[in-house]
Amino acid sequence: MKLPASYYQQNDVVHIAKDLIGKVIVSMVDDKRTAGIITETEAYRGVGDKACHAHLGRFTDRTKIMYENGGVAYVYLCYGIHNLFNIITNTDQQADAVLIRAAEPTEGIEHMLHRRGKEKLDKTLTSGPGNFSKAFGLDRSHYGEDLTGDLVWIEDAEVFAQEVAERSQSYLDDSSKQITSAHFDFDQRPPLNDIGSDKIISKEDIITSKRIGIDYAEEDADLPWRFYLWSSQFVSKR
DNA sequence: CCGTAGATGGCCT
DNA sequence: GGCCATCTACGGA
């Protein structure tokens with residue numbers, strides 16, 4: 001269930017970024033379990049990528065973790081306010097990373113609301129990289145955290161795109177009821193024919209676009225290395 | 001609805 | 001000193 005180190009050590013960060021869409025990220029911070037389906041990612045491809053913090057081999061106290069073997073967290077502070085959570089991929093010295101930009105909450109929504117200082121569930125709870133990290137309790141104290149450990153990890157899950165769409169919409173439709181908790185049990189998933197879709201999340205369910213907020217990266221700013229799930233409301237920007 | 005200013009702090013191969 | 005892998009509130013239409 002928990003993705004092994006070998007998953008993160010694959011050598012194609014763009015492929016991994018896309019493949020992570022639909023998987024489940026879990027954090028267990030302060031004994032509070034929070035989980036969600038990854039709905040938006042971006043790939044940053046090491047020393048050759050002008051948008052990557054490790055561009056041209058930049059090696060500082062901040063970026064040094066990027067050169068480790070894949071399967072650890074790289075968390076940094078952005079604009080002085082936001083903690084951005086990344087996953088290091090590939091092998092030693094490659095410095096590839098995937099930024100987690102959004103997730104659709106499935107467990108521990110009450111903890112997420114509390115961390116975000118919100119009363120009510122809406123799409124901003126966990127969409128946008130700063131918001132995602134805050135809701136999941138992730139910050140720079142998790143710099144270098146081992147993703148095969150028990151604090152933050154990713155699980156494989158057979159999530160159906162249509163199912164995400166329906167639940168996502170029901171969250172938002174229900175806002176008047178002030179949902180403060182929800183639990184998604186994968187074993188309770190209805191049979192295929194009942195959910196109107198005959199496939200798990202596949203390439204056709206994932207939209208590709210250029211990465212956000214990296215205008216300084218010149219021609220690399222246009223690379224199609226951002227991925228998001230068409231069916232989720234929990235995406236930062238369409 | 002839309003665009004933008006201001007917050008805020010660490011980084012600086 | 002200048003620059004950010006951002007977010008929200010707020011003002012105008």
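When reading the values below, keep in mind they use all heavy atoms of this one structure, side chains included, and skip hydrogens, waters and symmetry mates. Computed from a predicted structure; not experimentally measured.
- One interatomic measurement links the two molecules: CZ of A/R140 to C1' of B/dT8, which rounds to 11 Å at whole-angstrom precision.
- Between A/D139 atom CG and C/dT6 atom C1' there is a gap of 16 Å when expressed in whole angstrom units.
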Test log, rule ring pair (Phe, Tyr, Trp, His ring centres under 6.0 Å), inputs A/Y76 and A/H53: CA-CA 10 Å; A/Y76 74 96; A/H53 290 166; 4.5 Å; yes
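- Pair assignment for C/dG2: B/dC11, on the basis of Watson-Crick or G-U wobble contacts that are both within less than 3.5 Å.
- Phosphate proximity of C/dA5 to A/R226: absent, as no side-chain N or O sits under 4.0 Å from OP1 or OP2.
- Within residues 47-60 of chain A, the residues having any heavy atom under 4.0 Å from DNA chain B are, by residue number, A/H55, A/R58, A/F59, A/T60.
- You'll find that the side chain of A/N131 is closest to C/dT8, out of C/dT6, C/dT8, C/dA5.
- A/R116 has a side-chain polar atom (N or O) that falls below the 4.0 Å cut-off from OP1 or OP2 of C/dT8.
- A close approach under 4.0 Å does occur between a side-chain nitrogen or oxygen of A/Y216 and OP1 or OP2 of C/dA5.
- At least one test fails for A/R62 against the ring of A/Y74: distance under 6.0 Å to the centre or angle within 45° of the axis.
- Along DNA chain C, the nucleotide nearest to A/N86 and the one nearest to A/T124 differ in position, and the one closer to the 5' end is contacted by A/N86.
- Rounded to whole angstrom, the span from the CG atom of A/L77 across to the C1' atom of B/dT8 amounts to 8 Å.
- Clustering ILVMFWY residues whenever any of their side-chain heavy atoms sit less than 4.5 angstrom apart, transitively, puts A/I88 in a cluster other than the one holding A/V75.
- Taking atom OH on A/Y79 and atom P on B/dC11, their separation rounds to 16 Å, with Å as the unit.
- Taking every side-chain heavy atom of A/I81 into account, B/dA7 is the closest of B/dG10, B/dA7, C/dA5.
- By the 5.5 Å and 30° criteria, A/Y44 is stacked with the base of C/dA5.
- Protein atom CE of A/M66 is 10 Å distant from nucleotide atom C1' of C/dA5, rounded to whole Å.
- Atom-to-atom, CD1 of A/I65 to P of C/dA5 comes out at 19 Å; the value is rounded to the nearest Å.
- Between A/L84 atom CG and C/dT6 atom C1' there is a gap of 7 Å when expressed in whole angstrom units.
- The nearest whole Å value for the distance from the CZ atom in A/R62 to the C1' atom in B/dG10 is 8 Å.
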